[in-house]
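Notes follow once the structure below has been shown.
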Amino acid sequence: MNVRRSAATLAAAGVLAAASPALAASPSPSPSTVLPSGLYGDTDPTYDGVWRQSLALLAQRTVSVTPAAKAVDWLTGQQCANGAFAAFRAEPARACDAKVMVDSNSTAAAVQALSALGGHEDATGKAVTWLKSVQNEDGGWGYAPGGASDANSTAVVIGALTAAGERPAEVTKGGRSPYDALLKLALPCTGEGAGAFAYQPDKKGALTANADATAAAVVGALGAGLDATGGKDKKAGTGCAEPDPLTPEQAAANGAGYLAKAVAADGHLTSALAGAPEQPDYGNTADAVVALAAQGGADRAAKPLAWLEQNAAAWAKQSGPAAYAQLVFAAHATRADPRDFGGTDLVRALNATGPAPQPAKAAENTSDKKDDGGSGAGVWWMVGAGLAAGAGIGFLLSGRRKQQL
């Protein structure tokens with residue numbers, strides 16, 4: 001099923017896994033939930049607060065917008081002393097204890113956002129240290145510490161490691177790297193789902209193709225993050241290939257080939273909730289656009305991108321900041337204009353879901369100060385700004401059944 005995992009739905013089912021926003025908007029805040037003024041979105045943040053905030057800030061930075069200081073402060077204030085992030089902490093002033101359910105997805109997304117913003121090396125360093133401490137023996141990560149590795153969680157952590165200046169191939173546990181974990185989830189070039197990635201093996205160890213996991217794994221296998229830059233345009237390969245040994249680059253090419261076939265007919269991926277008919281999956285399609293562009297260039301993602309431009313505006317308006325961010329990443333990866341995305345100004349719409357960004361002049365002065373310091377974070381900021389026109393849970397919290405915002 002190619003439905004973006006909804007943390008709220010999975011939590012209600014007692015499943016420790018998740019992904020990004022669902023087809024229907026997230027639930028309204030309960031009477032006991034007071035939305036922080038620095039938070040993006042007006043729905044209950046219990047299961048996706050850090051995720052959607054991270055995507056919103058990363059998307060803003062991708063298009064050279066400097067977020068409001070209180071929005072950044074809210075995100076940094078969610079971090080636990082050990083470096084990890086939970087999906088949402090209603091009382092961040094209270095120290096994290098065993099009851100606070102930290103997870104790899106929220107932590108990795110926050111690292112990607114804060115690394116892009118620059119000036120948060122202490123926070124990102126602690127977060128990366130925590131991520132390394134919960135790496136599984138197979139080299140990958142599950143959503144919750146100690147959980148079985150899955151493609152989505154492993155991919156978003158790879159993006160975080162890269163953003164923080166680490167070399168994912170050198171981050172090992174038991175002699176295995178994150179790429180080793182992803183390759184174990186790659187389907188062979190024969191049979192149903194050839195070239196795709198599975199989310200996780202089933203109870204019998206069998207792999208089942210999952211389009212969402214494939215989109216995430218393609219980007220992860222390339223060592224990129226949520227805001228991945230589109231690669232050089234190149235002709236689609238002649239088909240799935242299995243060299244011995246299989247490399248992350250070839251696995252990414254195989255996965256992209258699977259995605260290209262999946263969107264060839266209608267221009268989009270589909271999803272179906274239990275008891276419901278199949279319907280277009282906007283969020284996973286946006287993720288597929290990023291994956292296709294990252295692996296094979298903007299031309300390879302042209303059809304699903306055009307479909308998103310024509311059809312995704314209403315979905316994003318209903319779903320909120322993370323959905324707008326996913327579309328910004330799709331535009332970024334394909335060199336499309338996020339300020340005129342099928343007639344929608346994604347940047348303005350995203351900005352309107354939270355505190356107003358810093359004025360251009362103030363943002364410019366802030367960046368000058370960071371650059372004068374000569375920090376690595378300043379370099380990341382300049383790179384993000386310079387690539388804004390050419391550049392990305394698509395998944396929120398990774399889970400077995402994914403629901404899109």
Side-chain angles (χ1 to χ4, degrees), residues 36-40 45 49-89 92-93 95-96 102-134 156-168 171 224-227 321-322 325 329 354-355 357-358 362-388 391-393:
S37 62
L39 179 65
Y40 277 79
V50 166
W51 178 265
R52 77 190 192 207
Q53 189 83 347
S54 298
L55 265 65
L57 302 185
L58 180 59
Q60 288 180 324
R61 186 62 265 147
T62 298
V63 294
S64 301
V65 169
T66 300
K70 66 179 179 180
V72 180
D73 290 343
W74 182 86
L75 180 59
T76 58
Q78 289 286 300
Q79 188 173 33
C80 294
N82 67 356
F85 284 79
F88 175 68
R89 294 170 59 205
C96 296
V102 295
D103 67 85
S104 64
N105 288 227
S106 299
T107 304
V111 169
Q112 292 192 44
L114 295 174
S115 294
L117 292 170
H120 301 279
E121 289 79 5
D122 181 59
T124 57
K126 289 168 60 178
V128 167
T129 296
W130 180 81
L131 287 169
K132 290 179 179 179
S133 75
V134 296
V156 74
V157 173
I158 288 174
L161 294 173
T162 299
E166 298 276 344
R167 296 178 183 271
V171 177
L226 296 166
D227 61 343
F329 297 148
Q358 294 186 40
E364 184 178 326
N365 291 339
T366 300
S367 68
D368 286 344
K369 291 179 181 180
K370 290 176 182 174
D371 293 344
D372 288 343
S375 69
V379 174
W380 276 110
W381 188 94
M382 291 188 290
V383 170
L387 293 178
I393 117 176

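Residues take their numbers from the sequence shown, with the count starting at 1.
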Atom pair [atom1] ([X]) and [atom2] ([Y]), whose distance is rounded to the nearest 0.5 Å:
{"X": "Leu114", "Y": "Leu58", "atom1": "CG", "atom2": "CG", "answer": "10.0 Å"}
{"X": "Gln79", "Y": "Ser106", "atom1": "CD", "atom2": "OG", "answer": "12.0 Å"}
{"X": "Glu166", "Y": "Lys132", "atom1": "CD", "atom2": "NZ", "answer": "3.5 Å"}

### Query
Is Thr124 reaching over with its side chain to a backbone N or O of Val111, donor-acceptor style, under 3.5 angstrom?
no

### Task
For Arg61 and Val65, indicate whether the former's side chain and the latter's backbone hold a donor-acceptor pair under 3.5 Å.
yes

[X]: what forms a side-chain contact (heavy atoms from CB on, under 4.5 Å) with it, not counting sequence neighbours?
{"X": "Ala59", "value": "Ala325, Val328, Phe329, Leu350"}
{"X": "Pro168", "value": "Ile158, Leu161, Thr162, Tyr179"}
{"X": "Asn82", "value": "Cys80, Ala84, Trp130"}

Locate the shortest heavy-atom distance separating [X] from [Y]; write the atom from each residue and the value.
{"X": "Asp103", "Y": "Ala87", "answer": "OD2-N, 3.6 Å"}
{"X": "Leu55", "Y": "Ala109", "answer": "CD1-CB, 4.5 Å"}
{"X": "Ala113", "Y": "Leu57", "answer": "CB-CB, 4.4 Å"}
{"X": "Gly83", "Y": "Thr107", "answer": "O-CG2, 4.1 Å"}

Let me have the donor-acceptor pairs involving side chains of residues 67-77, under 3.5 Å, with sequence neighbours excluded, atom names and distances please.
unit_1 : atom_1 : unit_2 : atom_2 : d
Thr76  : OG1    : Val72  : O      : 3.3
Thr76  : OG1    : Asp73  : O      : 3.0

### Task
Using a 4.5 Å cut-off on heavy atoms from C-beta on, say whether the side chain of Gln112 contacts that of Ser54.
no

### Residues which pass side chain to side chain donor-acceptor pair (under 3.5 Å) with Gln60, listed by chain and number, not counting sequence neighbours
Tyr40, Asn351

